[in-house]
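Every chain is numbered from 1 and lettered A, B, ... according to where its sequence line falls, protein lines coming before strand lines.
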2 protein chains.
Amino acid sequence: MADEALSAGAVARRLGVAVTTLRTWHQRYGLGPSEHVPGHHRRYTPADLARLDIMRRLTAEGVAPAEAARWARQAPAVLPPGRLGLNRRATAVRDGGGTTIPVGRAGPVARGVARAAMRLDSVAIGAAVAHALGADGVVPTWDGLLRPVLAGIGERHAATGGLIEVEHLVSRCVSEAFATVARAHPVAGPARILLACADEEQHTLPLEALGAALAEAGVGYRMLGARVPVAALVEAINRTGPAAVVLWSHTRVTADPDQLTAVLAAPRRPLLVLAAGPGWRADTLPAGVVRPVNLAEAVSLAVAVRDSLDQSTAG
Amino acid sequence: MADEALSAGAVARRLGVAVTTLRTWHQRYGLGPSEHVPGHHRRYTPADLARLDIMRRLTAEGVAPAEAARWARQAPAVLPPGRLGLNRRATAVRDGGGTTIPVGRAGPVARGVARAAMRLDSVAIGAAVAHALGADGVVPTWDGLLRPVLAGIGERHAATGGLIEVEHLVSRCVSEAFATVARAHPVAGPARILLACADEEQHTLPLEALGAALAEAGVGYRMLGARVPVAALVEAINRTGPAAVVLWSHTRVTADPDQLTAVLAAPRRPLLVLAAGPGWRADTLPAGVVRPVNLAEAVSLAVAVRDSLDQSTAG
DNA sequence: GATTCGACGCAGCAATCGACGCAACTCGTA
DNA sequence: TACGAGTTGCGTCGATTGCTGCGTCGAATC
């Protein structure tokens, strides 16, 4: 029970900064004990300590102190990437065979989309996807409907070599649906999140899903699209100074960690760098890069960044 | 006191222009912070930001920067995002260069799109393109606006090697706009036209333009998308029995005439086979293949096929 | 008596300042 | 068709500004 309240000296020693700095942070950035009577000693609760720890970590990573403080002040400890378990088990429904796409137990809607895809019926695909997006939202639709269908097509394609036209057709329809969602949710503020594919990477759909989810959540973003060379990515970062950068890599060959290193070494280093997609290997990622396991996790991280204002130096 | 005043860098990042440009605008057009002591840092108030936003919006609409600045300077600081005057050039103002995309004499709207593209401002691009599509229709917009801009980007990309991210961004925006057009014109009848890229061909945009134009004309079509192998194309033809097939090839390497031969040899041979795109060479095309020189020609051919078909079945 | 408080000052460094120049685009003219 | 004039965005350079961490000092707190 000794963690009730820490004195300023104890906190300073624990964080590795001077006591005076702690006072400065309190005065300049409002980053102090939540309950403090002027003139009396500061007593830091564990929550205050967590805030200060975020501040310390961000400044250690090169984020400008004022910005780091803003981030730390309004962060309800979002940095630990918690597991958002959502393995929803569906009831085992048997469905007929024929020339279809394996969708596993993704439900009847997925099966319907798969059949429409085999018919090359883009109207039906678009209608079904749009309806699902409107009814369930982007993230559930992606996880529960689109990813299973696309995975099924991919599986089939890998096994038989055919079905390429089906894959393209579904991709286009899904892409259109995402674009419609994004257009239906215009975002007022400036775009603080940059979405880009890794170099040579041409799978844009997951990034578009993320974009649609962000638009749904009211977060502005900039989408660079497929095959972004490192130089172009760094230039875009310098030009627009995003708070977060999401780099998507679908396969291992496009997941060159040097791209992430280049992003981290940019003059205007983003607050948050996300390495998304199955291509990245966790053990080769440079320090300071977060690897979301989920669309949902990527969205929540990006939403958390939204509230951080820019103004790198002006206080 | 946090968001009262923005630094120059923060404003530049928010607008998507370089910091030096901001200073230039201040010096040349008097478009700077209302209270600024020479030698001291510039602090932009929300009102100043609103002025700059007017400047940004006007330039994105194609207004010459000097004129846009004049407009923004004497704006009552509170101009909601209403539609301002359209692309009418009042006085003969010379329009300069800078780091832009050459659009030739394609008009102020093209220049506005080019400027917005350089700023990676997808919202402005999408709005301008959507407005042009709605006002002028697909074919004129493609020939008069989109193709010049895209050609300018391509030229510049070929010359300098950069600008890839701009190219992707514009492509995506245009693609979304086409999709929106297609969705706004639902076609009742069956899809009799099949649109496909040649094998290994990945430029989809011209095909999407054709699709949007067909939708606008009330002609149903099926879009297969990029990189369609010959086998997949033939199978799709057999499965759906289209009256016309459009095969797009952008570069010469993807324009293998054997693909056209295979289409002509399909069990359900289409009434009309179009070899579209600059990749095809007229002297190597098999007999029975038509080569449209234009988007307009492709559209009119497709419309003709539809009409003749309707006559034969319904008459 | 040890520690912390608020206030103040100082040195290092990143961002910005003003000035200047360059390259590129458009347009009028020869 | 070629070329010069007018515009425009932005990179560069040396100087300046202002943010940042921390030390110091007299008074107050524990």
Side-chain angles (χ1 to χ4, degrees), chain A residues 5-13 15-29 31-33 36-44 55-56 59-60 62-69 235 238-239 241 267-269 310-315, chain B residues 5-13 15-29 31-33 36-44 55-56 59 62-69 89 91-108 110-111 114-115 118-119 148 152 155-156 159-160 163:
Chain A
L6 289 170
S7 73
V11 172
R13 228 166 296 124
L15 291 180
V17 299
V19 190
T20 50
T21 302
L22 229 47
R23 242 179 296 147
T24 306
W25 284 0
H26 187 187
Q27 294 167 187
R28 287 183 183 157
Y29 312 126
L31 212 62
H36 173 240
V37 185
H40 288 167
H41 283 199
R42 291 172 174 82
R43 284 297 135 86
Y44 289 87
M55 176 75 176
R56 184 190 56 80
T59 52
V63 179
E67 201 165 354
E235 196 190 315
N238 289 338
R239 217 203 235 334
R268 290 263 337 146
R269 173 181 178 163
D310 57 352
Q311 297 187 16
S312 58
T313 54
Chain B
L6 290 169
S7 74
V11 172
R13 232 167 295 126
L15 291 180
V17 302
V19 189
T20 50
T21 301
L22 228 48
R23 246 178 293 147
T24 304
W25 284 0
H26 188 186
Q27 294 166 188
R28 288 184 182 155
Y29 311 128
L31 215 59
H36 174 240
V37 185
H40 287 168
H41 284 195
R42 291 174 174 81
R43 287 295 133 86
Y44 290 85
M55 175 78 175
R56 182 190 59 80
T59 51
V63 179
E67 198 170 0
R89 175 135 341 179
T91 62
V93 181
R94 269 181 194 276
D95 211 351
T99 308
T100 51
I101 298 162
V103 295
R105 48 188 80 256
R111 170 160 311 283
R115 280 194 207 279
M118 287 303 292
R119 270 192 249 121
E155 247 176 57
R156 196 139 186 93
T160 67
L163 240 56

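In this structure, CE of Met118(B) is placed 17 Å from P of dT8(D), rounded to the nearest angstrom. Spacing between atom CZ of Arg43(A) and atom P of dT4(C) amounts to 9 Å, rounded to whole angstrom units. For Gln27(A) and dA7(C), the CD to P distance is 7 Å, given to the nearest whole Å. As a whole-Å value, the separation of Leu22(A) CG from dC22(D) C1' is 12 Å. Per the geometry, OH belonging to Tyr29(A) stands 11 Å off P belonging to dC22(D), to the nearest Å. Put simply, CH2 on Trp25(A) is 11 Å from P on dT20(D), counting in whole angstrom units. Following rounding to the nearest Å, Leu31(A) (CG) and dT20(D) (P) show an atom-to-atom distance of 13 Å. Here dT16(C) presents its P atom at 16 Å from NE2 of His26(B), a figure rounded to the nearest Å.
At a cut-off of 3.5 angstrom, counting only N and O atoms as typed in the model, there is a donor on one side and an acceptor on the other between the side-chain of Arg28(B) and the base of dG9(D). Taking 3.5 Å as the limit, the base of dC22(D) and the side chain of Thr21(A) contain no donor-acceptor pair of atoms between them.
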Full working for side chain to side chain contact (heavy atoms under 4.5 Å, CB included) between Val17(A) and Val11(A): CA-CA 9 Å; Val17(A) 299; Val11(A) 172; over 6 Å; no
Trace of the side chain to side chain contact (heavy atoms under 4.5 Å, CB included) decision for Met55(B) with Leu15(B): CA-CA 10 Å; Met55(B) 175 78 175; Leu15(B) 291 180; over 6 Å; no
His36(A)/His41(A) under ring pair (Phe, Tyr, Trp, His ring centres under 6.0 Å): CA gap, chis, key distance, verdict: CA-CA 8 Å; His36(A) 173 240; His41(A) 283 199; 9.2 Å; no
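Of the candidates dG21(D), dA7(C), dG18(C), dG18(C) carries the atom nearest the Arg23(B) side chain, counting heavy atoms from C-beta on.
Residue Arg42(B) places at least one side-chain N or O under 4.0 Å from the OP1 or OP2 atom of dG18(C). The shortest distance between the side-chain N/O atoms of Ser7(A) and the OP1/OP2 oxygens of dT4(C) is below 4.0 Å. Contact check, Arg156(B) against dC25(C): a side-chain N or O comes under 4.0 Å of OP1 or OP2.
The shortest distance between side-chain heavy atoms of Leu6(A) and Arg43(A) does not fall below 4.5 Å. Contact check for Pro65(A) versus Tyr29(A): side-chain heavy atoms found under the 4.5 Å cut-off.
If you find the closest nucleotide of DNA chain D to Met55(A) and to Val19(B), the one lying nearer the 5' end belongs to Val19(B).
In this model, a donor atom of one side chain and an acceptor atom of the other lie less than 3.5 Å apart for Thr59(B) and Arg119(B).
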Strictly under 3.5 Å: I want the nitrogen or oxygen pairs between protein and nucleotides 27-29 of chain D, one per line.
none

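Heavy-atom minimum distance, Pro33(A) versus Arg42(A): CG-CB, 3.5 Å.
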